[in-house]
**Q** 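Before I ask anything, let me first share the structure, which is written out below as structure tokens.
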2 protein chains.
Amino acid sequence: MAGPHISSEEETKERTSGWIASLADRGYRITGSRRAVVDVLAESGTSLSPAEIYEQGRAVHKQLGLVTVYRTLEKLEELGLVQRVHRPDGCHAYIPALRGHEHLLLCEQCGRVEYFRGDDLSELSRRLEGESGYTIHDHWLQFFGVCSQCQ
Amino acid sequence: MAGPHISSEEETKERTSGWIASLADRGYRITGSRRAVVDVLAESGTSLSPAEIYEQGRAVHKQLGLVTVYRTLEKLEELGLVQRVHRPDGCHAYIPALRGHEHLLLCEQCGRVEYFRGDDLSELSRRLEGESGYTIHDHWLQFFGVCSQCQ
DNA sequence: GATATAATTGAAAATAATTTTCACTTAGCG
DNA sequence: CGCTAAGTGAAAATTATTTTCAATTATATC
């Protein structure tokens, strides 16, 4: 199994420009406000609520409005680039979306997110389908703890 | 692996009286309103939002208030008897809490919940702890699909 | 580059979910 | 039974999110 994946600065920059390109490809205009939302979330190692994105985004683009944060998240979510993250204490924060068979490890204190691979649940999924009669579409495997910084 | 566990009527009755006993043990009074909330959620095979519990609970105890639904859920949650269930489209519904190493299989259409056992994630958890430096406290393994009734 | 125009913006209002307040009721001990 | 602190529902307050709308602006086209 690959270890958890700590994002490098290099990669988060690529993520930022990739998201901007996806928005443009889709026909959405690239505005200062959208850039600010993308910058903040793509380069954050932690999950962020709309209010946190708003606050941090204003450092980049001072006239940013909270409404635009919501609207931009909606578009990024629609493009599969970001997703809400669900935690025992709530699900109001966003992260760069999981890709392929990635799973999550989350810090309960600071919201830090690690992505890892290495557990194939498709066999279990098929077995469950057979035994339950469900048609299974998706799954979540998430671990919750405290990161080394927060200990 | 044991198959998913379909609750019998027998068992849900036991669950209802167990929850009532736990509330009483803890020193909480047993009122008609609390009984209604417990009845509805303990005997439901699907996840229910506070508003749904309120609506169904009024069939049992007509003066039930929505505020009391919230307050009773808070107490049941504190006692570890119920928990919020998180799904891609939201996390505003409650279910009887997982026990031991149970995991969830959820119907995206009707909210039906199946509990299953059979996957031990403790080894993966330990491995992740070592590689990430996190102290892991908890995990979720959840499958999402469409149940046989909803197909 | 200038310009036309439809997309996008932020502020304010509206809505929805949840929590708090408070005067009244009641479960359950003695 | 009667007492009393716990619990109640209605209404108000709070919080998160969405909608409305007039003003602004990104970008395709000249």
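Small disclaimer: the values here were computed from a predicted structure and weren't measured. Every heavy atom of this structure was used, including side-chain atoms; hydrogens, water molecules and symmetry mates were not. Sequence lines set the chain letters: A, B, ... in the order given, protein chains first and strands last, and positions in each chain run from 1.
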**Q** Expressed as a whole number of angstroms, how long is the span from A:I30:CD1 to D:dA28:P?
**A**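 In whole Å, D:dA28 P and A:I30 CD1 are 11 Å from each other.
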
**Q** Given atom OH of A:Y54 and atom P of D:dA16, what is their separation to the nearest angstrom?
**A**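 A:Y54 atom OH is separated from D:dA16 atom P by 14 Å.
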
**Q** Does A:Q149 CD have over 12 foreign heavy atoms under 6.0 Å away?
**A**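 Not buried by this count: 12 neighbours or fewer within 6.0 Å.
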
**Q** Find the distance A:L64:CG to C:dT8:C1' and express it as a whole number of Å.
**A**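 These atoms are roughly 13 Å apart.
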
**Q** For B:L23 and C:dA27, give me the distance from atom CG to atom C1', rounded to whole Å.
**A**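 B:L23 atom CG is separated from C:dA27 atom C1' by 14 Å.
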
**Q** Rounded to the nearest Å, what distance is computed from the CG atom of residue B:L73 to the P atom of nucleotide C:dT18?
**A**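 Nearest whole value for this atom pair: 10 Å.
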
**Q** Does the side chain of A:R58 come within less than 4.5 Å of A:Q63's, by heavy atoms?
**A**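 Heavy-atom side-chain distance check fails, nothing below 4.5 Å.
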
**Q** Check whether any side-chain nitrogen or oxygen of B:H61 sits under 4.0 Å from OP1 or OP2 of D:dT8, and answer yes or no.
**A**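 Negative; the distance criterion is not met.
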
**Q** In sequence, state the C-alpha distance, the side-chain angles, and the governing distance for B:C91 and A:C91, and then conclude on disulfide (SG to SG under 2.5 Å).
**A** CA-CA 7 Å; B:C91 51; A:C91 50; 1.9 Å; yes

**Q** Once rounded to the nearest 0.5 Å, what's the spacing between atom CG of B:L79 and atom OG of B:S22?
**A**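 Spacing of CG (B:L79) from OG (B:S22) equals 6.0 Å.
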
**Q** Heavy atoms, side chains only, cut-off 4.5 Å: are B:L121 and A:L141 in contact?
**A**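 Answer yes - side chains close enough.
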
**Q** Using the closest heavy atom to pick a nucleotide of DNA chain C for each, name whichever of A:R34 or B:G32 lands nearer the 5' end.
**A**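 Per heavy-atom nearest nucleotide, the more 5' residue is A:R34.
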
**Q** Rounded to whole angstroms, how far apart are NZ on B:K62 and P on D:dT8?
**A**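 Taking NZ of B:K62 and P of D:dT8, I get 16 Å after rounding.
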
**Q** Tabulate protein N/O versus nucleotide N/O from nucleotides 18-24 of chain D, keeping only pairs under 3.5 Å, one per line.
**A**
none

**Q** Nearest whole Å is fine: how far is C:dT18 C1' from B:E52 CD?
**A**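 In whole Å, C:dT18 C1' and B:E52 CD are 16 Å from each other.
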
**Q** Tell me whether the side-chain N/O atoms of B:T31 come closer than 4.0 Å to OP1 or OP2 in D:dT8.
**A**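 Yes, within the criterion.
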
**Q** A:H86 and B:W140: aromatic ring centres closer than 6.0 Å?
**A**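 So the answer is no for these two rings.
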
**Q** Would you mind checking if B:E43 and B:K13 are paired as a salt bridge, meaning a charged N to carboxylate O distance below 4.0 Å?
**A**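 B:E43 and B:K13: salt-bridged.
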
**Q** Does A:H92 put a side-chain nitrogen or oxygen below 4.0 Å from OP1 or OP2 of D:dT17?
**A**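 Yes, within the criterion.
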
**Q** Find which nucleotide of DNA chain C each of B:R29 and B:R84 is nearest to by heavy atoms, and output the residue with the more 5' nucleotide.
**A**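 Its nucleotide being nearer the 5' end, the pick is B:R84.
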
**Q** Once you round it to whole Å, what is the distance between C1' of D:dG7 and OH of B:Y28?
**A**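 Those two atoms, OH and C1', are 12 Å apart.
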
